[in-house]
Amino acid sequence: MSQDRIALVDVNNFYVSCERVFDPLLEGRPVVVLSNNDGCVVARSAEAKALGIATGTPWFQLQAQARAWGLMARSSNYELYGDMSARVMEVVGRFGTWQEVYSIDESFVGLTGTPEQLGKTGEDIRAAVDLHVGVPVCVGIAATKTLAKFANRIAKQNPGLGGVCDLGAMPAGHADAIQHRVPVSGLWGVGGRTAARLKLMGIETIAELRAADPALIRKKFSVVLQRTVMELNGTECIPHTEERADKQQIMFSRSFSAPVTTVGAMEEVMAVYAQKAAARMHDDGLRASAMTVTAGTSRFAGGEGSFPAVTVRFPVPTQDPIVLVRAAVAAMRGSTVPGAAYLRAGVMFSGLEPADGPEMLDVFGSGTGASQPGVGGVLGEVRGRFGSQAIGIGLGGLAAQPGWTMKREHSSPRYTTEWAELPIVKA
DNA sequence: TCTGGGGTCCTAGGACCC
DNA sequence: TCTGGGGTCCTAGGACCC
């Protein structure tokens, strides 16, 4: 009998798998990909996991053993991963009646078929992604998103399944036995806090949560966890939306390779970060009605630390990079503590709306709102043709890399998005 | 020496309205 | 004597995700 099912398809160790496509030397070896600034581990190959390396481990703590372990590190290369992601999504989407891209390496797709056909489709998806993109994926198939996520996890942890797990096609009692073993924190949407509170109620495993009273869960927790309970019982509660919802906020935030200690250097940072965020906003065709600038000293140093956060509201929503840069610099000025060693900063835009919507009159004549038409567009065009460093405004137009620029010592080339960095194959 | 970045959704509570 | 209650909007903060 034909069934409507949801498949969750995701790439195994996505960032590592992307690096491996272009560098076969990484195959079969322990590999980690590092966060921005080469700070800590964000992705691990199976071999790295086997070494006991946890996500979030600071790279400097691993460096000493890296050689002995044969451990390879790569700086994160989001341009490459973003492009590889688009290719994977396109291939996976061919198999579904609908597709919802959930994250850079995962999408939900709608499948229809008999149990036999569903399993075959899962295998076909794996083969197609392997052929056209070259990265390994796992497929979890079930009646709800929560269960599809769970099935995907089973597929990942049991190599014998060949990367596909259709929960409904498992031998009777098998899935149930697993749910009796696995703690609730293994579920999508249940984090450490919630798991700890559930434990106080005597609920520790997925099976115990599945058997809980949804109304009681709603009362003690939230509608979110109530939905999880219902989804575990096979009732779909999390709608699928093919269209990506409009963004609510755009953020550019980075830590520095060297501390920023002067007002002048922080103004440089604000000018550069505001332009980065403004460029993203322009690409998305949006404008902002508010901006928040933040900075922070080390969370690991003793003492109080300094974590300024200033929000500015614009009288008229804007995407004008000149206005945004000026506002970011002004907002941070006076909020930092003299002499403090800042290690990170960020610029966030919120209150976003389409930039082509009706323009409000700046009746108060503040002069800070009304967009000068086209500045962002011109900047974007120049960057598109001559590279991201080709042009900038004020302190953001620095010709030389400032001392605080992000560290990326193990970066791979942008193989698929820059002509100058195409891989070269010798035969 | 060195410890990520970018998001979403929900809830509670306050301000304000009628 | 009786001292409301329903509704909306906004914001801050919590929790979670990858």
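Just so it is clear: chains get the letters A, B, ... in the order the sequence lines come, proteins before strands, and each one is counted from 1.
Between atom NZ of residue A:Lys220 and atom CG of residue A:Leu200 there is a gap of 10.0 Å, rounded to the nearest 0.5 Å. Summarising the geometry, atom CZ belonging to A:Phe108 is positioned 7.5 Å from atom CD1 belonging to A:Ile238; distances are rounded to the nearest 0.5 Å. Atom CG in A:Asp320 sits 10.0 Å away from atom CZ in A:Phe314 (nearest 0.5 Å).
In DNA chain B, consecutive stretches of 3 or more Watson-Crick or G-U wobble pairs with both distances under 3.5 Å are given as paired ranges: B:5-18 with C:5-18.
The aromatic rings of A:Tyr15 and A:Tyr81 sit parallel, their planes meeting at an angle under 30°, below the 60° perpendicular limit.
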Do any N or O atoms of the protein come closer than 3.5 Å to N or O atoms of nucleotides 8-12 of chain C, and which pairs are they?
unit_1	atom_1	unit_2	atom_2	d
C:dT11	OP1	A:Arg313	NH1	3.2

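What separates CZ of A:Arg344 from C1' of B:dC2 is a distance of 14 Å, to the nearest Å. Rounding to whole angstrom units, CG of residue A:Leu343 and C1' of B:dG4 are separated by 13 Å. In this entry the distance linking CZ of A:Phe60 with P of B:dT1 reads 9 Å, nearest Å. Rounded to an integer number of Å, the gap from CZ of A:Phe256 to C1' of B:dG5 is 14 Å. Separating the CZ atom of A:Arg254 from the P atom of B:dT3 is a distance of 15 Å, rounded to the nearest angstrom. Across the protein-nucleic acid pair, A:Tyr273 atom OH and B:dG4 atom C1' stand 12 Å apart, rounded to whole Å. Here the P atom of nucleotide B:dG6 and the OH atom of A:Tyr15 are 11 Å apart, to the nearest Å.
Checked against the 6.0 Å centroid threshold, A:Phe349 and A:Phe252 do not count as a close aromatic pair.
Sorted by first and then second residue, the pairs that involve residues 23-76 of chain A and meet ring-ring contact (aromatic ring centres under 6.0 Å, His included), not counting sequence neighbours, are A:Trp59-A:His410. Identified under the ring-ring contact (aromatic ring centres under 6.0 Å, His included) test for residues 17-45 of chain A, with sequence neighbours left out: A:Phe22-A:Tyr415. Pairs engaging residues 125-151 of chain A under the salt bridge (Lys or Arg N to Asp or Glu O under 4.0 Å) rule: A:Glu100-A:Lys145, A:Glu106-A:Lys149 [sequence neighbours left out]. Screening residues 37-47 of chain A for salt bridge (Lys or Arg N to Asp or Glu O under 4.0 Å) gives A:Arg20-A:Glu47 as the qualifying pairs, with residues at least two apart or on separate chains.
Scanning residues 62-88 of chain A for heavy-atom distances under 4.0 Å to DNA chain B yields an empty list. Listed by residue number, the members of residues 211-225 of chain A with any heavy atom below 4.0 angstrom from DNA chain C form an empty set. Annotation: proximity of residues 31-56 of chain A to DNA chain C (heavy atom, distance under 4.0 Å) is found for no residue.
Under a cut-off of 6.0 angstrom, the local environment of NZ in A:Lys199 is sparse, with at most 12 non-hydrogen atoms contributed by other residues, nucleotides or ligands.
Counting only distance, with no hydrogens or angles, the side chain of A:Glu421 and the backbone of A:Thr416 share no donor-acceptor pair below 3.5 Å. The backbone N or O of A:Leu118 lies less than 3.5 Å from no partner atom in the side chain of A:Asp166, so there is not a single donor-acceptor pair.
Residue-level contact check: A:Phe252 touches the backbone only, with heavy atoms under 4.0 Å from sugar-phosphate atoms and none from bases.
In this structure A:Val224 satisfies the side-chain contact (heavy atoms from CB on, under 4.5 Å) test together with A:Ser222, sequence neighbours excluded. For A:Glu409, the salt bridge (charged side-chain N to carboxylate O under 4.0 Å, His left out) criterion is met by no residue, not counting sequence neighbours.
Between A:Gln249 and A:Gln61, the residue whose closest nucleotide on DNA chain B is further toward the 5' end is A:Gln61. Of the two residues contacting DNA chain B, namely A:Arg280 and A:Trp59, the nearest-nucleotide position lying further toward the 5' end is that of A:Trp59.
Side-chain contact annotation: A:Arg181 with A:Thr205, donor-acceptor N/O pair under 3.5 Å absent.
Comparing B:dT3 with C:dC17, their P atoms sit 26 Å apart, to the nearest whole Å.
Smallest separation of non-hydrogen atoms from A:Val31 and A:Ala48: O-CB, 3.6 Å.
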| message | Treating primed atoms plus P, OP1 and OP2 as sugar-phosphate and everything else as base, which nucleotides of nucleotides 13-18 of chain C get B, S or - for protein heavy atoms under 4.0 Å? | response | --SSSS
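Salt bridge A:Asp10/A:Lys156: present, at least one basic N to carboxylate O contact under 4.0 Å. A salt bridge is defined here as a Lys NZ or Arg NE, NH1 or NH2 lying under 4.0 Å from an Asp or Glu carboxylate O, and A:Asp23 with A:Arg74 meets this definition. With respect to the salt-bridge test (charged N to carboxylate O, under 4.0 angstrom), the residues A:Glu90 and A:Arg94 qualify.
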